[in-house]
Chemist: 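Sharing a structure, written as structure tokens. Questions coming.
Index from 1, following the sequence.
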Amino acid sequence: MAGCSLSSSKPQRVGDAINYLQQFYPDLAVIQACCGRPTRMIGQEEKFQERFGNLTQMIKGAGVDELIVACQGCLRTMRDEDRFMTSSLWVKMAELGLPTQCLNKAKDSEVVFSIQDSCPTSQMTEIHEAVVYLLKQLGYGVAKSRLSGQNTLCCGMGGMCGVSNPNLSHDVAQQRVQSFKTDYIVTYCASCAFAMGVGGGKAWHLLDLIFGDVVQLGDTPTPSALGNPVKAWANRYQTKRVIQKS
């Protein structure tokens, strides 16, 4: 389950992750659906229960043994509801191992990344450790920060703030970008990646580092489509086509 934000911003990377996982799980299935978390964050608990109930029926009806989740908001929702077995994509990738061609591919890059850890999974230290491990396996330098892991700061999109109070969201994002020790940021949350761009930072999604080109000093990331609703919905449709092809 890639989640709404990743599907709206990176169809190609969703496909890359599917192709990677199929090597280990020949019977891999893919669910493109919303967990309902946004409705819970704006106080519509009844609507959330309805949407999450529909998702639960879909998952159980498909006979899914384990749900591998790329979105941190989705994962937090799954863990809070505790209705089926879930795993983080990042922990799973650390356990299974990166493709051979990805190992140490960035050894000659001088880029040192700061990590923007996601708020919904701030207490899941196994994810933080897996992300650092994957970055080092790729060959990138990682800057240590006391404002990471369990002490991470909000990117500005938490609680649907990006929609309900854009000005506050922008200020929080800008403050977060300024708190990093390096100019290069990596995150494993599509919404965080978008927020870092809003705050004036240069942020890459972890899947871009794994399956994309090596980042060198002076490089800039591709702007996130999450700031353009029409493009975001077009990407969701494209993601559906990628899933069907896979």
Side-chain angles (χ1 to χ4, degrees), residues 3 5-6 37 41 69-80 87-95 98 104 106-107 109-162 165-210 214-221 224 226:
S5 294
L6 186 60
R37 182 177 176 82
M41 288 194 291
V69 185
C71 171
Q72 313 321 298
C74 288
L75 183 62
R76 172 64 182 274
T77 300
M78 304 297 177
R79 295 280 177 88
D80 286 348
S87 298
S88 162
L89 173 63
W90 320 115
V91 173
K92 188 66 68 174
M93 293 187 80
E95 293 174 346
L98 292 175
N104 219 25
K107 60 182 176 59
S109 172
E110 297 181 10
V111 171
V112 177
F113 279 104
S114 294
I115 301 174
Q116 163 58 17
D117 287 304
S118 182
C119 291
T121 53
S122 62
Q123 301 305 308
M124 301 181 192
T125 56
E126 69 275 14
I127 295 179
H128 311 150
E129 294 170 356
V131 170
V132 172
Y133 174 79
L134 291 173
L135 287 169
K136 291 184 176 180
Q137 287 287 293
L138 290 169
Y140 286 109
V142 180
K144 294 184 178 180
S145 173
R146 66 179 184 84
L147 298 176
S148 63
Q150 295 183 352
N151 298 320
T152 190
L153 298 180
C154 178
C155 70
M157 295 295 163
M160 299 302 291
C161 186
N165 194 334
N167 290 333
L168 175 61
S169 178
H170 176 271
D171 290 345
V172 172
Q174 193 171 52
Q175 290 175 17
R176 181 51 172 150
V177 168
Q178 293 172 353
S179 74
F180 290 118
K181 297 179 180 179
T182 72
D183 293 331
Y184 296 83
I185 306 166
V186 61
T187 181
Y188 41 96
C189 168
S191 292
C192 283
F194 168 64
M196 296 298 93
V198 170
K202 296 194 293 186
W204 281 260
H205 193 281
L206 182 56
L207 287 178
D208 285 328
L209 301 190
I210 294 173
V214 173
V215 178
Q216 305 287 355
L217 290 178
D219 288 350
T220 56
S224 173
L226 295 183

Chemist: Quick check: closest heavy atoms across Ala70 and Leu6, and the distance to 0.1 Å?
Modeler: CB-CD2, 3.9 Å
Chemist: List in chain and number order the residues that pass side-chain contact (heavy atoms from CB on, under 4.5 Å) with Asn165, two or more places apart in sequence or in another chain; answer none if no residue qualifies.
Modeler: Cys161, Asn167, Leu168
Chemist: What's the separation between atom OG in Ser88 and atom CZ in Arg76, rounded to the nearest 0.5 Å?
Modeler: 14.5 Å
Chemist: I want to check something: taking the side chain as every heavy atom from C-beta on, are Ser169 and Met157 in contact at a cut-off of under 4.5 Å?
Modeler: yes
Chemist: Glu95: what forms a side-chain contact (heavy atoms from CB on, under 4.5 Å) with it, not counting sequence neighbours?
Modeler: Val91, Lys92
Chemist: Could you measure the distance from the CG atom of Leu153 to the OG atom of Ser148? Nearest 0.5 Å is fine.
Modeler: 9.5 Å
Chemist: Return the set of residues passing salt bridge (Lys or Arg N to Asp or Glu O under 4.0 Å) with Asp183 (not counting sequence neighbours), or none when no residue passes.
Modeler: none
Chemist: Among residues two or more places apart or on two chains, list those pairs meeting side chain to side chain donor-acceptor pair (under 3.5 Å) that have a residue in residues 186-197.
Modeler: Ser5-Ser191, Asp117-Tyr188
Chemist: Sequence neighbours excluded and cut-off under 3.5 Å, please list the side-chain donor-acceptor pairs for residues 125-147, or say none.
Modeler:
from, atom 1, to, atom 2, distance (Å)
His128, NE2, Thr121, O, 3.2
Tyr140, OH, Val215, N, 2.9
Ser145, OG, Leu147, N, 3.1

Chemist: Show the nearest heavy-atom pair for residues Ala173 and Ala195, with the distance to one decimal.
Modeler: CB-O, 3.4 Å
Chemist: For Arg37, enumerate each residue passing the salt bridge (Lys or Arg N to Asp or Glu O under 4.0 Å) test, keeping only those at least two apart in sequence or located in another chain.
Modeler: none
Chemist: For Cys74 versus Gly3, what's the shortest heavy-atom pair and its separation?
Modeler: SG-CA, 4.1 Å
Chemist: State, to 0.1 Å, how close Val111 and Leu217 come at their nearest heavy-atom pair, and which atoms those are.
Modeler: CG2-N, 3.5 Å
Chemist: State the CE-CD distance between Met196 and Gln174, to the nearest 0.5 angstrom.
Modeler: 11.0 Å
Chemist: Using every non-hydrogen atom in the two residues, find where Ile185 and Gly201 come nearest and quote the distance to one decimal.
Modeler: CD1-CA, 4.4 Å
Chemist: Aromatic rings His205 and Trp90: how do their planes relate, parallel, tilted or perpendicular, breaks at 30° and 60°?
Modeler: tilted
Chemist: Do Arg176 and Thr152 have side chains that get closer than 4.5 Å, going by heavy atoms?
Modeler: yes
Chemist: How about Glu110: does its CD atom have over 12 heavy atoms from other parts shown lying under 6.0 Å from it?
Modeler: no
Chemist: Which atom pair, heavy atoms only, marks the closest approach of Ala193 to Ala203?
Modeler: O-CB, 4.1 Å
Chemist: First locate atom CH2 of Trp204, then atom CG of Asp219, and finally report the distance between them rounded to the nearest 0.5 Å.
Modeler: 6.0 Å
